[in-house]
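Per chain, numbering begins at 1; letters A, B, ... match sequence-line order.
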Amino acid sequence: MLVQSKLLRLRRIHRLLPSTFSSLRRCHSDSPSPSRKEHELTVTQVVEHLQNPPNDWDYDKLRPFLFEASHHLLPVTLRLNSIPKALDFINYLRSRTEHHQALSCVFEGALELATQHPNSQKELLILHSYRKSNGDNIALTSRSAFLLLKCLGEAQMVDDSLLLFKELDSSSKSSGICNELLKGLFKSGCIDDALHVIDEMLERDSDFPPDDFTGEVVFGVLGKQERHGRSFADDEIVGLVTKLCEHGVFPDAFKLTQMITKMCRHRKNGVAWELLHVVMRLGGAVVVKAASCNAMLSGLGRERDTQRMNKLMAEMEEMGIKPSVVTFGILVNHLCKARRIDEALEVFDKLRGKGEGNDRFDVEPDVVLFNTLIDGLCKVGREEHGLSLLEKMKTTKQSRPNAITYNCLIDGFCKAGNIGKARRLYSQMIEEGVQPSVVTLNTLVNGLCKHGKVHDAVEFFNEMKGKGLQGNAGTYTALISAFCGVNNIDKAMQYFDEMLSSGCSPDAIVYYSLINGLSIAGRMDDASVVVSRLKRAGYGLDVRCYNVLISGFCKKKKLERVYEMLNEMEETGVKSDIVTYNTLVSYLGKIGDFATASKMMKRMIKEGLEPSVVTYGAIIHAYCLKENVDEAMKIFEEMCSKSKVPPNTVIYNILIDALCKNGNVERAVSLMDDMKIKGVRPNTTTYNAIFKGVRDKKMLQKAFELMDRMIEDACSPDYITMEILTEWLDAVGEIEKLKCFVDGYPVSSSASSPFSKCML
DNA sequence: ATAGGGTTAG
């Protein structure tokens, strides 16, 4: 009875520790294997004997075990079921003569016991340092090495891991041991050491070749964000994956997708592409599924690489990798972003397999696909078409419109200036039972603000707050920008404070919008305060924010602060961009420091930045301010002939204004003809400048001609236009002509229209 | 794979 139950217990240990016995065999394969019963009895006896205090242990009784039958010591140790007891036993053995094998087996047992301990990591480390601090080295069995490497790896004790691995001869190394070492090395960011180990595993006829677990470790690391240590070089990544695949170790679909996603996110489309193609070549459609291709496609889409997107689609078809809805979602999204909306609609129409033609795919469009298309349509001003898709969605079972669908449409109608329709869509979504999100709130708040209805925006926000929908940083950004835009800085600050007190965590952009508003308002001290608060919140400034500040300090002529900003940019590694230089060139031009301005231009070219229309505009404007219109014209002509920069309306406006002010109206008029030839559209400012010019020269006929042209150009007059013309034409008794001019425009119902101010 | 918020010159 008793024997039988103990036998059962041993079998249980067998099952629990399958590798124990394999290492036991390796540990002592030359000793004769006793019958199971005989073995069992002796183990039990020894275990019982060892329950006595160590001083009472009888060496003579134990002796047979310690030599010819030392492999029994592993089950013995396990059944001691106590790490201190096992250590007593180890100390006992060490105090005698040569018991190498016995020690190895008991130590392995002690390690096994440690792994079963609730605080196994700590216990294992204690055993490791015990072994390390006792110079008479206890040889490690494969299992011991495995357990120790696993725990050292987790503890990131790289040096100890490597020493331990070196200690092993190649016959006791195994794939499992190498994998544990690799895991630890990667965890500590020791890529070079890890690559060495992998090389060793990949050697010809290696006894420990990479297996699936190796793949899991390596591919896992390649797919995760790197922590510390150096990162992989591009060719190392491709080389590693290639070698593993050649050994038949493939990433699963998830890991492959993860790796590709990561590479693409790091703007390494080339590496991702190679990686995918290595696996496609060696593993085929068994390994590569649509998801991995989708990751690649979206990476390519981000870089606008239509060519390779098409190539990959063709390869997928060739290899029999079936595209999913997501694949089509990516394609449609790409086409929409490229403003090729009609092609996107074509793809969409080919989706459902119902109809005729064999160029159709058997894919049911989902909500995302619908939403992508609707957004694309709205972004090119085809909201009505988007609306019809909304109706289509309502007729489906699986693709019911959701908040995103409505958000896209609401945004579309807001941008188109149809606030009424946007609000009706909002009511409609509520009626349909679709919960608005904070994005819905922000879209409407922003839309209302952008159309000068800041009051309505605030009202709507309050209404939503009443319904329990909190605003987020985006909501406050919209309101703060809007209030800054109408020069109501106090209100903007008030909303900034409300945001903080309402528990909404601000992001960098809210700070930026406030800094922007304050800078434009010339309140640079306040802006500086917000900058330091932003920094205290743990954010940094980006180029755009620096540009705003630099521009603000320039306007206040605080040159020392400008340089302070530029130095700070250098220190924090924020690279100045074309806008930074344009701001500086413009400022230098305005104070008449042409020498420094041209130095700046040289520096920007050296930095690889091409001067833009704005740069030229700044210089041209500067010469105009100096009343050196000839030089300004010279630069303008140079810009048109030598550079690839096409002139724009602003440049013409600057020159036309300057020429008129210098009495050279003829040349200004000829510049307007030049605009027509070059296809640059004049705007209200252009006409205002030239009207002033012809008025000063009393060129009445020219004025009538220009008034007709202004109507042709569909360019609406503002109050300045009306002021110039009314005063002048009234004085010369030509008010009829002015009436005709005004009648040339379609009637505007807007109360803020410039006409209403003048005509009523 | 889809939705929202802050830059320069005149």
Side-chain angles (χ1 to χ4, degrees), chain A residues 291 294-295 297-298 301 324-334 336-337 366-376 378-379 402-412 414 436-447 449-450 471-482 484-485 506-517 519-520 541-552 554 577-587 589-590 612-622 624-625 648-658 683 685-686 689:
Chain A
N294 291 347
L297 284 169
S298 48
S324 63
V325 212
V326 178
T327 317
F328 292 107
I330 296 164
L331 288 185
V332 165
N333 182 35
H334 175 70
C336 286
K337 292 275 143 69
D366 63 354
V367 193
V368 175
L369 200 42
F370 270 110
N371 289 348
T372 308
L373 261 181
I374 291 176
D375 189 49
C378 288
K379 292 258 148 74
N402 62 14
I404 296 177
T405 321
Y406 282 100
N407 293 346
C408 295
L409 285 163
I410 289 172
D411 187 52
C414 279
S437 69
V438 69
V439 177
T440 321
L441 165 67
N442 295 354
T443 306
L444 266 169
V445 165
N446 199 39
C449 285
K450 290 276 150 70
N472 66 9
T475 328
Y476 289 101
T477 299
L479 289 171
I480 288 168
S481 306
C484 286
D507 59 11
I509 296 180
V510 207
Y511 284 103
Y512 294 164
S513 60
L514 190 56
I515 291 167
N516 182 36
S519 298
I520 289 170
L541 302 177
D542 66 356
V543 219
R544 294 160 77 171
C545 196
Y546 275 116
N547 289 343
V548 166
L549 285 163
I550 288 171
S551 162
C554 280
D577 66 0
I578 184 81
V579 177
T580 322
Y581 281 106
N582 287 345
T583 310
L584 292 169
V585 168
S586 149
Y587 169 71
K590 265 186 211 144
S612 68
V613 216
V614 182
T615 327
Y616 282 105
I619 300 278
I620 288 168
H621 186 224
C624 289
L625 285 175
N648 67 2
T649 311
V650 178
I651 299 255
Y652 278 106
N653 290 353
I654 298 167
L655 286 166
I656 289 169
D657 186 60
N683 61 17
T685 313
T686 325

Whole-Å gap separating C1' (dA1(B)) and CG (Asp366(A)): 8 Å
Quick check on dG6(B): is either OP1 or OP2 less than 4.0 Å from any side-chain nitrogen or oxygen of Lys450(A)? yes
Quick check for you: among dT2(B), dA3(B), dG4(B), whose closest atom lies nearest to any side-chain atom of Thr443(A)? dG4(B)
What nucleotide among dG6(B), dT8(B), dA1(B) has an atom nearest to a side-chain atom of Ser551(A)? dT8(B)
Side-chain donor/acceptor of Asn516(A) to base of dG6(B), under 3.5 Å: no
Taking CG from Leu584(A) and P from dA9(B), how many angstroms apart are they, rounded to a whole number? 11 Å
Let me know the distance between CD1 of Ile651(A) and C1' of dT8(B), rounded to the nearest Å. 14 Å
Taking the side chain as every heavy atom from C-beta outward, state whether Val579(A) and Val543(A) have any atom pair closer than 4.5 Å. no
On a heavy-atom basis, the closest approach of Cys484(A) and Gly517(A) is SG-CA, 3.5 Å
Of the listed dT7(B), dG6(B), dG10(B), the closest approach to the Val579(A) side chain comes from dT7(B)
Which nucleotide sits closest to the side chain of Ile520(A): dA1(B), dG6(B), dT8(B)? dT8(B)
Can you identify which nucleotide, out of dG5(B), dG4(B), dG10(B), has its nearest atom closest to the Asn472(A) side chain? dG4(B)
Please classify the nucleic acid contact of Ala508(A) as base, sugar-phosphate, or nothing, using heavy-atom distances under 4.0 Å. nothing
Closest to the Asp542(A) side chain, choosing from dG6(B), dT8(B), dA1(B): dG6(B)
Donor-acceptor pair, Asn371(A) side chain versus Ile374(A) backbone, under 3.5 Å? no
Please determine whether a side-chain nitrogen or oxygen atom of Lys379(A) lies at a distance below 4.0 Å from atom OP1 or OP2 of dG4(B). yes
Of the listed dA3(B), dG5(B), dG6(B), the closest approach to the Asp507(A) side chain comes from dG5(B)
Would you mind classifying the nucleic acid contact of Asn402(A) as base, sugar-phosphate or nothing, using non-hydrogen atoms under 4.0 angstrom? nothing
Checking all strands, does Ile330(A) fall into the base, sugar-phosphate, or nothing category for heavy-atom contacts under 4.0 angstrom? sugar-phosphate
Side-chain heavy-atom pair Pro436(A), Leu441(A) within 4.5 angstrom cut-off: no
Could you work out which one of dG4(B), dA9(B), dG6(B) sits closest to the side chain of Val614(A)? dA9(B)
With respect to the side chain of Ile654(A), which nucleotide from dA3(B), dA9(B), dG10(B) is positioned closest? dG10(B)
At 4.0 Å (heavy atoms only), tell me whether Asn582(A) reaches a base, stays on the sugar-phosphate, or touches nothing. base
Mind calculating the distance between CD1 (Ile509(A)) and C1' (dG4(B)) to the nearest angstrom? 10 Å
Looking at Val510(A), is its backbone amide N or carbonyl O close enough to the side chain of Asp507(A) to form a donor-acceptor pair, meaning the two atoms are under 3.5 Å apart? yes
Distance in angstrom units between Asn683(A) CG and dG10(B) P, rounded: 14 Å
Indicate, with a heavy-atom threshold strictly under 4.0 Å, whether Thr372(A) touches base, sugar-phosphate, or nothing. sugar-phosphate
Between Asn294(A) (side chain only) and Leu297(A) (backbone N and O only), is there a donor and an acceptor less than 3.5 Å apart? no
Quick one: which of dT7(B), dG4(B), dA1(B) gets closest to the side chain of Asn547(A)? dT7(B)
Whether Ser551(A) side chain and Asn547(A) backbone form a donor-acceptor pair below 3.5 Å: no
Protein-nucleotide distance (Ile480(A), atom CD1; dG4(B), atom P), rounded to Å: 20 Å
Distance below 4.0 Å between His621(A) side-chain N/O and dA9(B) OP1 or OP2: no
Rounding to an integer number of Å, can you tell me how far Arg544(A) CZ sits from dT7(B) P? 8 Å
Have a look at Ser437(A) and say if it touches a base, only the backbone sugar-phosphate, or nothing, with a 4.0 Å heavy-atom cut-off. base
Rounded off to whole Å, could you give me the CG-to-C1' distance for the Asn333(A) and dA1(B) pair? 6 Å
